[in-house]
Amino acid sequence: MDKKLISREEDYSKWYNELVVKAGLAENSAVRGCMIIKPYGYAIWEKMQSQLDKMFKNTGHENAYFPLFVPKSLFEAEEKNAEGFAKECAIVTHYRLQNDPDNKGKLRVDPNAKLEEELIIRPTSEAIIWNTYKNWIQSYRDLPILINQWANVVRWEMRTRLFLRTAEFLWQEGHTAHETKNEALEETVMINNLYANFAEKYMSMPVIKGVKSKNETFAGAEKTYCIEALMQDGKALQAGTSHFLGQNFAKAFDVKFADRDGQLNYVWATSWGVSSRLMGALIMTHSDDRGLVLPPKLAPHQVIFVPIYKNEEQLNSITQVVEDLRNQFNERGISSKFDNRDTKRPGEKFAQHEIQGVPVRITIGPKDLEKKSIEIFRRDTLEKQFIKIEESLDFVSKLLDEIQKNLFDKAKNFRDNNITEVENFEDFKTTLENKGGFISAHWDGTDETENKIKDLTKATIRCIPEENNIPGKCVFSGNPSSQRVLFAKAY
RNA sequence: CGGGAUGUGGCGUAGUCCGGUUAGCGCACACGGCUGGGGGCCGUGGGGUCGCAGGUUCAAAUCCUGUCAUCCCGACCA
C-alpha cells in the first residue's frame, strides 16, 4: 500500500476515492458506473443490513422479493413516477445472442430475438409491487401490508461515484398498504424516525429530520420525509427517505378494497428506502487522514489483536493469551480477530487496520507478557495505553461504548457548527461560498424562489426541518415565510 | 449529449513536441538472508501485443487518419 497519507487538503473527492479503494471497501468495475464491493466493505454493509432488518421486523414488517424486470406497460402506469425515472433506465430489449457472421469468434444480438414488450430493470419497485398488491387486497381484512425488500436497483446516472451514486446499487425498499390516510402517514413518519435512530445510534451520524420541498419530493409521492446528514467537506447528503404516496399508486394500479362499511376505496400507500449510499455517508462522516474510522457497532470486528514475536515459542505464548482474551470478549459480545499472519510485519499490519478503521487494536509482545499487560490503541483518538491483562475485558468493553459516543459527539459538534442562520441573500451567498454546510434561512414556499436560488448558488433545499415554526421573511423574495428551511449544496 | 484531458507490466509513471541501441524508473510480486514494539534493510529474479485498426518511413510508444475506452467539468440524481 502506498505510504502517502491521504490528505484532505487535496481534492476531497480524490481523497474519498483513494480511501475507499485503499481500505479495501470497493472499487470501480469494468462495467460503466458499477462498483465491486469487496469483502471488507460488504461486511460493513451486512452489519448495517442486519441491524436495519431487525428494526423493520420489530415494527411489524416482513421481507419478500419481487422481480428485477418491470414490463414497460407496468412501469408507465403511474405517470409521475415513470416520468421521474424515465431518463435513467436500463432496458432489456432482446433475449438472445448469436454468432456474428461478419466477425468470427464474436457474438451479436440476434435481431430475431426482440422482445414484444421491453423490460425495464427496476430503478425502484413501486410499479411491479403495486401490480402485485392489486391481487392481494380485496378487503380491509387484508390490510395493512407491511413488506420490505432487500434488492439491487439500477439507475443509469450520468456521473457516478463509489457508494454515493453507482449505476447499480444495493438497498432496502419498504412498500406498505393501509386502510386509512392517517395510518399511512404514521407509518411514513415512524420509518423516518427509525432511519434517524439507526443513523445516530449505530452509524454515530447525526441527522436532521424533515420534509422535502415540492421540487425534491419523490416522483409519485404526496410527501417525502427525509434524514439529511452533513459531510466533512460541507456538503449535505440525503441519507434516507420515507414517502407518503397517498392514493396515487392505488389509483394507477386500481387497488381497491372493501372498507368496514362495505364501500370500495383506494388503499393508502407508503414507500421508503436506504441504500448502500449509507456506506459513503459512514466513510465521509468519520474518516481522517489516516483512513477509515468505524463506529464499533458497525465494525466487522471491533478488536484486532496483533502479536509481536521473534520465534515460534513467543508466538505460542502470545497465542494462548490472545485466545483466552478472545473467549472472554466473545462472551461479552465483543467481536475480535487475531491477525497472526506471518507474511506481514507488525508495522504493515498496524497501518492496514488503521486505514480499515478497526476501533481498537491490541498489541501483545514478549515485553508485555513479562509485565502481564497489553497495549491498547483506539482508532478514533489514536491514543495508546498499557492495561493489565486481567482488567482488559472491562476496559475494552467501556472503551467501545466511549468510541461510539465520541464519534457521534464529534460529528454532531461539527454539524452544529456548520449550520448558519442567515437573514439576507448576500450573507447566504458568502456563507455558502466561504463556509459551506447547512444554511438556515426563511423561504417563501414557492418553487420559483427555490429554483432561482438553485440557479444562482447551486444550493437546494435539503429539508424543511421539524420543530421550527417561527415565521419570518424570505431571504430571497422578502415575502412572508412560515419557518426556516435548510439549504445546502448536496451530493 | 456539450467542454477539457488521458490511454506505456498488477498499480503509479518517464520517454511523445524534435522517429533511431535491448522502452527506463518507483511500488507491488517471487526467491534467499538479516529482521520484527509503526508501512524496515541487503541481494537476486520474473513480468510489456506502448488502448485498438490502418497509413507514412530503411526505422514508429513517438508523425498522420480513424476508432474505442476511461477520467474531470456541466445538464441528471439515493
Side-chain angles (χ1 to χ4, degrees), chain A residues 1-5 11 13-14 17-18 21-22 27-33 83-89 103 122-124 151-173 195 212 215-219 221 224 226-229 236-243 271-281 290-291 306-312 314-315 318 340-355 361-371 373-377 382 384 386 454-455 458 460 462 489-491:
Chain A
M1 209 174 279
D2 199 328
K3 278 188 209 171
K4 196 185 83 189
L5 289 178
D11 180 36
S13 34
K14 200 173 162 194
N17 243 305
E18 281 186 16
V21 173
K22 282 186 188 162
E27 59 195 33
N28 280 313
S29 91
V31 181
R32 183 213 159 275
E83 199 190 312
F85 286 104
K87 281 176 281 180
E88 50 189 48
C89 286
N103 218 337
R122 61 182 168 214
T124 177
N152 58 341
V153 288
V154 168
R155 295 182 189 174
W156 212 259
E157 303 290 353
M158 292 298 176
R159 290 186 61 206
T160 61
R161 199 154 181 225
L162 291 170
F163 288 119
L164 294 179
R165 191 177 306 110
T166 43
E168 178 189 9
F169 59 95
L170 302 178
W171 76 347
Q172 63 63 220
E173 45 180 330
Y195 285 157
K212 287 287 181 192
N215 271 345
E216 301 273 329
T217 297
F218 178 71
T224 290
C226 63
I227 54 171
E228 289 285 325
L237 185 79
Q238 178 172 311
T241 46
S242 180
H243 314 291
S271 73
W272 27 273
V274 294
S275 72
S276 40
R277 166 178 265 200
L278 286 183
M279 294 282 297
R290 302 173 80 146
V306 179
I308 310 278
Y309 58 95
K310 288 188 181 150
N311 53 50
E312 205 166 323
Q314 286 181 348
L315 178 61
I318 293 166
N340 58 358
R341 290 175 297 175
D342 59 2
T343 49
K344 300 280 177 197
R345 284 178 304 279
E348 202 177 336
K349 292 180 187 177
F350 293 166
Q352 189 202 328
H353 298 304
E354 223 163 83
I355 201 171
R361 186 188 71 225
I362 296 181
T363 309
I364 309 181
K367 291 180 213 163
D368 305 298
L369 290 187
E370 265 172 42
K371 291 184 230 154
S373 70
I374 54 181
E375 184 201 87
I376 298 183
F377 169 88
L382 305 170
K384 288 175 191 170
F386 291 92
K454 187 181 174 183
D455 289 344
K458 287 184 188 164
T460 50
R462 299 322 303 156
K489 288 187 191 167
Y491 273 101

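Below, read A as the first sequence line, B as the second, and so on, with proteins coming before strands; counting in each chain starts at 1.
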Looking only at atom [atom1], what distance separates [N] and [M], rounded to whole Å?
N	M	atom1	value
B/U22	B/A59	P	15 Å
B/C64	B/G2	C1'	27 Å
B/A75	B/U13	C1'	34 Å
B/C27	B/C42	P	10 Å
B/G45	B/C52	C1'	32 Å
B/A61	B/G19	C1'	10 Å
B/U8	B/C63	P	16 Å
B/A14	B/C25	C1'	7 Å

Is it true that the side chains of A/Lys212 and A/Gln238 contain a donor and an acceptor less than 3.5 Å apart?
yes

Could you tell me whether [X] contacts a base, only the sugar-phosphate backbone, or nothing, with contacts defined as non-hydrogen atoms closer than 4.0 Å?
X	result
A/Thr166	base
A/Leu164	base
A/Glu157	base
A/Phe218	nothing

For B/G74, does OP1 or OP2 lie under 4.0 Å from any side-chain N or O of A/Lys458?
yes

Just to confirm, is there a sub-4.0 Å distance from OP1 or OP2 of B/G40 to any side-chain nitrogen or oxygen of A/Arg345?
yes

Side-chain donor or acceptor of A/Lys349 under 3.5 Å from a matching atom on the base of B/G37?
no

Between [atom2] of [N] and [atom1] of [X], the distance in whole Å:
X	N	atom1	atom2	result
A/Lys22	B/G12	NZ	P	12 Å
A/Glu88	B/A78	CD	P	7 Å
A/Ile362	B/G37	CD1	C1'	15 Å
A/Gln352	B/G39	CD	C1'	11 Å
A/Glu18	B/C71	CD	C1'	14 Å
A/Asp455	B/C76	CG	P	9 Å
A/Arg361	B/G39	CZ	C1'	12 Å
A/Arg462	B/A78	CZ	C1'	10 Å

Honestly, is A/Arg361 close enough over A/Phe350, meaning NZ or CZ under 6.0 Å from the six-membered ring centre and within 45° of the axis?
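Geometry flag: set, cation within 6.0 Å and 45°.
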
Side chain of [X]: nearest nucleotide among [options]?
X	options	result
A/Glu348	B/C29, B/G39, B/A78	B/G39
A/Lys310	B/G38, B/G36, B/A78	B/G36
A/Lys454	B/G38, B/C76, B/G37	B/C76
A/Lys367	B/C76, B/G37, B/A78	B/G37
A/Thr363	B/G38, B/A78, B/G37	B/G37

Taking side chain as C-beta onward, heavy atoms only, is [X] less than 4.5 Å from [Y]?
X	Y	answer
A/Val153	A/Glu173	yes
A/Thr241	A/Trp272	no
A/Val21	A/Leu162	yes

Mind pulling the stems RNA chain B is in, i.e. runs of at least three Watson-Crick or G-U pairs, everything under 3.5 Å?
B:1-7 with B:68-74, B:10-13 with B:24-27, B:29-34 with B:40-45, B:51-55 with B:63-67

For A/Arg345, what residues pass the side chain to side chain contact (heavy atoms under 4.5 Å, CB included) criterion, not counting sequence neighbours?
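Testing A/Arg345 for side chain to side chain contact (heavy atoms under 4.5 Å, CB included), a comparison that skips the adjacent residues, returns A/Glu348.
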
Closest-nucleotide ordering on RNA chain B, the 5'-leading residue of A/Ile374 and A/Lys344:
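First, find each residue's nearest nucleotide; the 5'-ward one identifies A/Lys344.
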
Assuming nearest nucleotide by heavy-atom distance, tell me which of A/Tyr491 and A/Leu382 is located more 5' along RNA chain B.
A/Leu382

Working note: A/Thr460 + A/Arg462, criterion side chain to side chain donor-acceptor pair (under 3.5 Å); need CA distance, chi angles, decisive distance, verdict.
CA-CA 6 Å; A/Thr460 50; A/Arg462 299 322 303 156; 2.7 Å; yes

List the atom of A/Thr166, the atom of A/Arg161, and the distance in Å for their closest heavy-atom pair.
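Of all heavy-atom pairs spanning A/Thr166 and A/Arg161, the closest is CG2-O, 3.6 Å.
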
To the nearest 0.5 Å, how far apart are NZ in A/Lys371 and CZ in A/Phe386?
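It is 6.0 Å, given to the nearest 0.5 Å.
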
